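So the structure is just underneath, and the comments pick up after that.
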Amino acid sequence: MRIFCLIGLLLFVSILMTASPKSSSSIKRIVETREGRKSCWGVVVQLKQFAFNKSVADSELSIIDGKYNRDMKGIMTWSVDKSRKKLTIKFKKGCGDFGTGDMVEVTIRSTALVGSQKEDIKLSISTDI
C-alpha cells in the first residue's frame, strides 16, 4: 500500500511540475558515499533570476521531511555560495540521511532574496537515488 501511495505522490508532483511555468529556481539532490553507504545527504537550491542574501536566517527557511511531515532544520546546516545563486543544505555530521521513499520540501522566504521577489520559493524533490 505504501508503494502505491508513493507512486501516486510522485506522479502528482511530476504532473504539477510539468504543468507549471518555467521556474526561476531548481533543486537537486546531494548524493554521496559516506562510510560505504551511498545516499542522499542533502539538497542544493539553484536560483536563475534572483540572488540570495549573504546568508539565510533560520526564520527564512523551511526544510520539511515529506515522509514524516517534520521540520528538519535542527539537524541540517545550510550556506550560500559566493555567487549568491546557490544554497546548499546538508545533514549535520552524524545526523543521518534521507531514507528510501522520502521527499524533501524546501521553502525559502522572499526576505532571503535580494531584490523585489514578493513570493516565497517552494521546491520539492524525491530523495531516492
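Given the structure is predicted, the values throughout are model-derived calculations rather than measurements.
- Hydrophobic clustering, defined by side-chain heavy atoms of Ile, Leu, Val, Met, Phe, Trp and Tyr closer than 4.5 Å, groups Ile129 together with Val31.
- Proximity of a side-chain donor or acceptor of Arg29 to a complementary backbone N or O of Gly42 within less than 3.5 Å is not detected.
- One finds the OG atom of Ser26 at 7.5 Å from the CG atom of Leu123 (value rounded to the nearest 0.5 Å).
- Applying the side-chain hydrogen bond (donor to acceptor under 3.5 Å, both in side chains) rule to Thr33 yields no partners; only residues at least two apart in sequence or on another chain are considered.
- No side-chain heavy atom of Gln46 sits under 4.5 Å from any side-chain heavy atom of Lys28.
- Under the side-chain contact (heavy atoms from CB on, under 4.5 Å) criterion, Ser83 pairs with Asp81, Lys85, not counting sequence neighbours.
- Note: Met72 CE to Cys95 SG = 9.0 Å, rounded to the nearest 0.5 Å.
- With sequence neighbours excluded, the residues forming a side-chain hydrogen bond (donor to acceptor under 3.5 Å, both in side chains) with Asp97 are Arg37, Ser39, listed by chain and number.
- Distance check, rounded to the nearest 0.5 Å: CD1 of Ile63 to OG1 of Thr107 gives 10.0 Å.
- For Phe52, there are no ring pair (Phe, Tyr, Trp, His ring centres under 6.0 Å) partners two or more places apart in sequence or in a different chain.
- Shown here are the side-chain contact (heavy atoms from CB on, under 4.5 Å) partners of Phe50, two or more places apart in sequence or in another chain: Ser24, Leu47, Gln117.
- Partners of Glu32 by side-chain contact (heavy atoms from CB on, under 4.5 Å), not counting sequence neighbours, listed by chain and number: Ile30, Arg34, Trp41, Lys90.
- Under the 4.5 Å side-chain heavy-atom criterion for grouping Ile, Leu, Val, Met, Phe, Trp and Tyr, Ile64 is not connected to Val45 through any hydrophobic cluster.
- A distance of 9.0 Å separates OG1 in Thr77 from CD1 in Ile89, rounded to the nearest 0.5 Å.
- The stretch residues 90-115 participates, sequence neighbours left out, in these ring pair (Phe, Tyr, Trp, His ring centres under 6.0 Å) pairs: Phe91-Phe98.
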Contacts table for residues 108-115: side-chain donor-acceptor under 3.5 angstrom, sequence neighbours left out:
residue	atom	partner	partner atom	Å
Thr111	OG1	Glu60	OE2	3.0

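- Here Asp58 pairs with Lys73, Trp78 under the side-chain contact (heavy atoms from CB on, under 4.5 Å) rule; sequence neighbours left out.
- Residues passing the side-chain hydrogen bond (donor to acceptor under 3.5 Å, both in side chains) test with Asn53: none are found, sequence neighbours excluded.
- To the nearest 0.5 angstrom, Thr127 atom OG1 is 8.5 Å from Met103 atom CE.
- Take Glu105 and apply the side-chain hydrogen bond (donor to acceptor under 3.5 Å, both in side chains) test, not counting sequence neighbours, and it matches no residue.
- Here OG of Ser124 is found 7.0 Å from CD1 of Ile27. Values are rounded to the nearest 0.5 Å.
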